[in-house]
Amino acid sequence: MSKLRIGFVQVTNSVDVHWFKPLAFGYLKSYLVNNVNFTVEMDFIKPTATEIDKYDIIAISSTSQDYGRALEIASRIKRVTPEVLIIIGGHHVTYLPETMSEDFDIGVMGEGEEIFLELIKLIKKKKKCLTPDDLKDIEGIVYRDNGQIVMTKRRHLINPLDRIPHPERFPDGTQYIFTSRGCPYKCAFCSSSAFWDKTRMFSAEYVVDEIEEIVGIFPDINHIIVEDDLFVISLSRFKRICELLEQRGLSDKLNFSFSVRANLITDEFCKTIKRLKIQSVCFGAESASDRILGILGKKTTSDQNQKALDLLHKHDIPCVCSFIIGVPTETVEEVKATYEFIVNNLLDDKLGSGCPVNILMPMPGTKMWEFAVKNGHVKLSGFSWDNLSIFASYRHSKIESFKEWSELRKRNNSLYLNEETIPEEALYEIMSDYEETIKKIEREKLKNEELKNTLQQMEASIKGMLMVTNKFRDILPIIEDISKNILQEGGSTELLNKTGELCYHLRINERAFQLFRKALNSDSGKDEIWNNLGVIYLEKKDIDRARECFSKSLEINPGNNEARHNSLQILSALYEPVDAERLNKKSSSRS
């Protein structure tokens with residue numbers, strides 16, 4: 001096995017949006033190629049790739065809502081190329097390793113770089129022929145031994161994170177970064193803290209080095225999204241990042257979008273984060289009900305959410321919030337209160353357009369998943385993982401119509417936890433009414449934004465015109481002095497004529513007249529100068545002399561179209577059109 005060939009597949013479903021190509025691939029590849037002394041070829045491939053058989057290893061990453069699709073992909077690969085080794089990683093196998101299908105040879109639990117590296121080294125050494133005995137000492141994996149699931153002990157997290165090389169990047173699409181792993185808060189619906197175990201941060205120097213590298217690869221880039229659960233975990237690190245961006249001349253070139261948290265937002269906080277050029281921030285407001293926020297484990301209140309929006313608006317920081325409804329025991333009044341919170345803040349311009357309202361979906365690794373299992377909403381035996389999909393708001397899905405989205409949820413039998421308090425059909429009715437209201441507000445905001453942009457463009461144009469006018473006022477005395485000197489000292493015929501033209505365009509007509517006359521004294525055989533002098537006479541309303549000048553110009557050069565046009569102008573001015581009514585009156589008086 002001279003060269004190992006690895007294909008990486010990120011499993012997705014056809015509805016829930018996946019904004020960017022995964023950096024998981026980029027991190028795995030860069031960590032691998034920087035830590036092996038043999039040749040590795042690693043490609044990002046589509047699940048439908050027809051050349052699966054050219055790879056020795058297929059690495060699949062999957063969440064639980066996409067695990068059904070991952071099973072289909074692995075099964076198809078094993079049928080076509082049974083000798084290919086299939087490794088699965090990601091959230092699902094981390095939380096529920098006991099559900100790993102026999103179509104997968106090995107599962108990677110949790111942070112993958114170090115585990116993947118160790119596996120690849122072992123595969124290279126053993127030439128793919130791995131036995132359970134080979135695998136038993138590798139921490140952080142799941143495999144089968146005589147048909148029985150075996151899980152090794154959890155591997156220690158990489159420390160410090162700066163040991164990980166910057167990820168390989170895709171040349172297309174939006175560029176984004178992670179500056180940390182994990183979240184210090186443990187919301188009941190979010191699986192991040194369970195996956196990463198604890199919160200770790202890349203150093204400020206590492207982060208800015210990566211940003212500088214991105215700018216070097218993509219020189220036209222002006223916006224970077226920070227995909228951390230909470231970018232501002234450490235304000236001291238944030239300030240250091242700002243300092244380094246400023247020192248390296250990157251702060252003016254780039255604007256950023258990132259997440260914040262309502263309970264952290266103060267006047268001082270807003271002033272601090274505005275050291276970066278901010279395109280937008282976001283935070284999970286989730287609900288307008290403190291009771292529901294308590295169930296979700298948010299450790300924030302509705303008042304804190306509102307205060308956060310008020311302060312961000314005061315400091316002119318655009319914000320989008322996400323919301324969750326369909327929480328167990330949630331009432332109709334509480335759902336409506338959440339939507340009223342959205343509507344009111346949209347009308348006050350404190351919320352940006354596109355705020356997603358998600359129906360709560362219990363995900364493995366969360367307290368809500370434990371609740372769903374305990375209360376019989378989920379039975380692992382024979383459970384269809386597809387039932388965990390179609391939960392992201394239709395606004396953040398590939399479906400634009402709320403009605404189509406809700407119908408698809410019904411056909412998909414998407415899991416819903418609050419049927420006893422609000423039947424799902426009743427929830428859809430409430431959502432449909434409010435979503436239509438929100439759409440109308442957003443359409444109006446869009447019109448106003450377009451009008452505002454038009455006015456700003458007009459204002460910029462007017463400012464530009466004023467700048468030109470002011471410069472013109474500054475330069476006018478200089479032109480007058482220069483033209484006076486040229487008139488007194490003399491110069492070539494061409495210089496006299498061109499200076500005369502400049503004076504004419506600047507409305508210094510008398511000086512232009514003098515310059516054209518002097519140019520003709522120098523050389524009377526230039527048709528262009530005769531035409532220019534005729535224009536000045538025309539301005540003076542001396543029609544006869546203007547006509548003489550144009551005639552002289554055409555005599556010298558019959559092809560001078562400008563002089564011909566000017567002559568015709570004089571003729572049209574001399575002969576008025578016949579007034580038919582006046583002519584009739586004249587004829588009547590004669591008879």
Side-chain angles (χ1 to χ4, degrees), residues 219-220 222 249 252-253 450-583:
D220 294 332
N222 57 20
D252 290 334
K253 177 178 176 59
E450 289 172 349
L451 177 60
K452 180 182 174 183
N453 290 339
T454 302
L455 291 173
Q456 285 175 343
Q457 290 170 7
M458 289 174 64
E459 183 182 2
S461 298
I462 291 169
K463 283 181 180 177
M465 291 166 66
L466 288 172
M467 286 176 64
V468 171
T469 302
N470 290 333
K471 287 180 181 177
F472 169 74
R473 287 172 181 163
D474 293 338
I475 203 172
L476 197 58
I478 298 171
I479 297 298
E480 286 182 332
D481 286 344
I482 291 171
S483 62
K484 182 179 179 182
N485 288 334
I486 290 172
L487 189 64
Q488 291 173 348
E489 302 296 330
S492 67
T493 305
E494 180 71 11
L495 177 62
L496 289 164
N497 183 50
K498 290 300 179 185
T499 307
E501 287 179 351
L502 177 61
C503 288
Y504 172 73
H505 288 301
L506 294 176
R507 312 310 296 164
I508 314 172
N509 283 3
E510 192 55 39
R511 181 66 47 78
F513 177 69
Q514 295 167 347
L515 286 161
F516 291 143
R517 284 177 63 87
K518 187 159 187 172
L520 285 174
N521 288 337
S522 174
D523 185 351
S524 62
K526 297 287 186 182
D527 63 297
E528 182 184 358
I529 304 173
W530 281 107
N531 179 67
N532 287 341
L533 186 61
V535 169
I536 297 292
Y537 277 125
L538 202 57
E539 293 253 348
K540 290 172 171 284
K541 301 194 184 303
D542 191 337
I543 302 298
D544 291 336
R545 287 188 178 177
R547 183 168 47 192
E548 289 173 10
C549 288
F550 296 142
S551 297
K552 187 67 177 174
S553 177
L554 287 168
E555 182 183 319
I556 296 168
N557 178 16
N560 189 323
N561 291 327
E562 189 176 345
R564 189 178 303 282
H565 172 76
N566 290 333
S567 294
L568 291 172
Q569 263 195 318
I570 290 175
L571 287 173
S572 64
L574 287 174
Y575 298 103
E576 294 182 61
V578 176
D579 186 330
E581 186 177 345
R582 184 162 53 84
L583 193 61

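Given the structure is predicted, the values throughout are model-derived calculations rather than measurements.
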Problem - Val535 and Tyr504: CA distance, side-chain angles, deciding distance, side-chain contact (heavy atoms from CB on, under 4.5 Å) verdict - result: CA-CA 10 Å; Val535 169; Tyr504 172 73; 3.5 Å; yes
Problem - Arg564/Phe550 under side-chain contact (heavy atoms from CB on, under 4.5 Å): CA gap, chis, key distance, verdict - result: CA-CA 7 Å; Arg564 189 178 303 282; Phe550 296 142; over 6 Å; no
Exercise for the section: Apply the test side-chain contact (heavy atoms from CB on, under 4.5 Å) to residues Asp527 and Leu554: give CA-CA distance (whole Å), side-chain angles for both, the deciding distance (0.1 Å), then the verdict. Expected result: CA-CA 7 Å; Asp527 63 297; Leu554 287 168; over 6 Å; no
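Using modelled atom types, one finds no donor on one side chain facing an acceptor on the other under 3.5 Å when comparing Asn560 with Glu528.
The shortest non-hydrogen separation linking Asp523 to Gly525 is OD1-N, 3.0 Å. A pairwise comparison of heavy atoms in Ser553 and Ala563 identifies OG-CB, 3.5 Å as the closest pair. Here the shortest heavy-atom pairing between Glu539 and Asn509 reads OE1-ND2, 3.5 Å.
Heavy atoms of other residues, nucleotides or ligands lying less than 6.0 angstrom from NZ of Lys518 number more than 12. At most 12 non-hydrogen atoms from other residues, nucleotides or ligands lie less than 6.0 angstrom from NZ of Lys484.
Interatomic distance, OG of Ser483 versus CG of Asp481, reported as 7.5 Å (0.5 Å rounding). In this structure, the separation between CG on Leu520 and CG on Leu496 is 10.0 Å, given to the nearest 0.5 Å. Rounding to the nearest 0.5 Å places CD1 of Ile536 at 9.5 Å from SG of Cys503. With rounding to the nearest 0.5 Å, the separation of CG in Leu487 from CD1 in Ile482 is 13.5 Å. For the atom pair Glu494 CD and Thr499 OG1, the distance stands at 9.5 Å (nearest 0.5 Å). Rounding to the nearest 0.5 angstrom, the gap separating the CZ atom in Arg547 from the CG atom in Asp542 is 10.5 Å.
Between Thr493 and Ile529 there is a side-chain heavy-atom pair separated by less than 4.5 Å. Here the side chains of Lys552 and Glu548 are not in contact, with every heavy-atom distance at 4.5 Å or above. For the pair Asn497/Lys526, no side-chain contact is recorded, criterion being any heavy-atom separation below 4.5 Å from C-beta on. Taking 4.5 Å as the limit, some side-chain heavy atom of Arg511 sits within range of a side-chain heavy atom of Leu515.
Aromatic ring centroids of Tyr537 and Phe513 lie under 6.0 Å apart.
Trp530 places a side-chain N or O within 3.5 Å of a backbone atom of Ser524 that can act as its donor or acceptor partner.
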